[in-house]
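One structure below.
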Amino acid sequence: MRKLAEAFRLSGVPLAIIVNVLLVSQTAAFNETLENTQLKAGDVLLVPLNCYVCNAIEKETDVPYSHSVVVATSTNDINETYVYEAWGEVKRTPLTEIFERAQKGQNLFHLRPIEFQSHAFSEQEIASVFKSSFEGLPFDDLFLWDNFSDSGKEKLYCSEFVLKFINTFLKSPEPPSPMSFGVLSDFWKKYYDQFNQEIPEGQPGVSPATLFHSTRFEKLGSLTTPIID
């Protein structure tokens, strides 16, 4: 890896391109399947979805992932693996359903909070936090960091749920980042117009790309999507 970086440096290639090439080289070496990897409770999976808004999110953030979930069970048995997600509402979902929903021919991406390497939390601890503080909360179509329903329940979109959930276990929470909607501004104007809402440009938020690029997560590689009968 150092030799590859040095070769690029001597060639005068811009640093941003070097970083991207090294990242692709690193992650390509870690293709996983459920048979050769051990998912652990608290891991994060980034998911490529195929829907109108999903495609816009992927283009806007320049990563091939538009959804994110938290692994609920520590196993490599696909039929025994569940995740927590914000999809319609915050809920527990079989991993097989996530694979069925994912874009065909695309892989998920496997992340693990770095702090979990030195202090792993049990399924029971993670489930307890989920049930007491997150389960059943409504989905947030506006993608706002602090948004509440008329009944006072916090609304969460997928990556917001993932980050806020993981933050409950971290010694120092990972803050949100300013959101940008400049790549597909016309699309987002139409999207938010239907809610009579201004585009939340620059407001705090999080996306699958934020999680992918965060230094708080170990990149464990692409997770091959199996064919579900």
Which pair of non-hydrogen atoms, one from T210 and one from S177, has the smallest distance, and what is that distance? CG2-OG, 4.0 Å
Where do S149 and P138 come nearest, in terms of heavy atoms and distance? CB-CG, 4.5 Å
D140 vs F161, side chain to side chain contact (heavy atoms under 4.5 Å, CB included): CA-CA, chis, key distance, verdict: CA-CA 10 Å; D140 185 8; F161 157 68; over 6 Å; no
Between S207 and S159, do the side chains contain a donor N or O and an acceptor N or O under 3.5 Å apart? no
Rounded to the nearest 0.5 Å, what separation is found between the OG atom of S214 and the CD1 atom of I166? 11.0 Å
OG of S180 to CH2 of W188: how many Å apart, nearest 0.5 Å? 11.0 Å
Hey, are K190 and D186 close enough for a salt bridge, meaning a charged N less than 4.0 Å from a carboxylate O? no
Any side-chain heavy atom of F109 sitting closer than 4.5 Å to one from P48? no
Can you measure from CG (L111) to OH (Y65) and round to the nearest 0.5 angstrom? 8.5 Å
With side chains defined as the heavy atoms from C-beta onward, is the minimum distance between F99 and L108 less than 4.5 Å? yes
Any Lys/Arg nitrogen of R101 or E85 sitting under 4.0 Å from an Asp/Glu carboxylate oxygen of the other? yes
Does any N or O in the side chain of E97 come within less than 3.5 Å of the main-chain N or O of P94, such that one atom is a donor and the other an acceptor? no
Report yes if some heavy atom in the side chain of P178 is under 4.5 Å from a heavy atom in the side chain of Q203; otherwise report no. no
Start with the C-alpha gap between E89 and K153, add the side-chain angles, then the distance that decides, and say whether side chain to side chain contact (heavy atoms under 4.5 Å, CB included) holds. CA-CA 11 Å; E89 64 175 0; K153 291 185 176 181; over 6 Å; no
According to a 4.5 Å side-chain heavy-atom criterion applied to Ile, Leu, Val, Met, Phe, Trp and Tyr, with indirect links allowed, do Y84 and Y82 form part of one hydrophobic cluster? no
Between S66 and L49 (side chain of the first, backbone of the second, donor and acceptor by atom type, cut-off under 3.5 Å), is there such a pair? yes
Heavy-atom side-chain proximity of L156 to F165 below 4.5 angstrom: no
Salt-bridge contact K164-D146 (side-chain N to carboxylate O under 4.0 Å): yes
Has Q194 got more than 12 heavy atoms of other residues, nucleotides or ligands less than 6.0 Å from its CD? yes
Distance-only polar pair, side chains of T73 and E123, donor-acceptor under 3.5 Å: no
Of all the heavy-atom pairs spanning F139 and G88, show the shortest one and how long it is. CB-O, 3.4 Å
Side chains of L45 and I98: does their closest heavy-atom pair fall under 4.5 Å? no
What's the verdict on ring pair (Phe, Tyr, Trp, His ring centres under 6.0 Å) for Y52 and F187, showing C-alpha distance, side-chain angles and the deciding distance? CA-CA 10 Å; Y52 195 49; F187 169 86; 5.1 Å; yes
CD1 of I57 to NE2 of H67, rounded to nearest 0.5 Å, is 10.0 Å
Might you point out which heavy atoms bring A56 and L184 nearest each other, and give the distance in Å? O-CD1, 3.6 Å
Any donor-acceptor N/O pair, S132 side chain to V129 backbone, under 3.5 Å: yes
Pair F195-L142, side chain to side chain contact (heavy atoms under 4.5 Å, CB included): steps then yes or no: CA-CA 8 Å; F195 302 107; L142 297 179; 3.4 Å; yes
Is the NZ or CZ atom of K219 positioned over F212's six-membered ring, under 6.0 angstrom from the centre and within 45° of the axis? yes
Can you tell me how far SG of C158 sits from CG of L211, rounded to the nearest 0.5 angstrom? 8.5 Å
So which of H110, R112, Q117 actually passes side chain to side chain donor-acceptor pair (under 3.5 Å) with E218? Q117
Taking the side chain as C-beta and beyond, is there a heavy-atom pair between N50 and N55 under 4.5 Å? yes
Tell me if a side-chain donor or acceptor on S68 pairs with a main-chain N or O of L46 at a distance below 3.5 Å. no
Search all heavy atoms of V71 against all heavy atoms of V83 and return the closest pair with its distance. CA-CG1, 4.1 Å
Roughly how far, to the nearest 0.5 Å, is the OG atom of S172 from the CZ atom of R216? 4.0 Å
Looking at K104, I want to see if its NZ is surrounded by more than 12 non-hydrogen atoms of other residues, nucleotides or ligands under 6.0 Å. yes
Close side-chain approach of F143 and Y191, heavy atoms under 4.5 Å: yes
Just so I know, are the side chains of N147 and E160 near enough to count as touching, which here means a heavy-atom distance under 4.5 Å? no
Does a side-chain N-to-carboxylate-O contact under 4.0 Å join R92 and E135? no
From CA spacing to verdict: side chain to side chain contact (heavy atoms under 4.5 Å, CB included), T168, F134: CA-CA 11 Å; T168 63; F134 293 93; 4.1 Å; yes
Please report the shortest heavy-atom distance between E201 and G182, naming the atom on each side. OE1-N, 4.0 Å
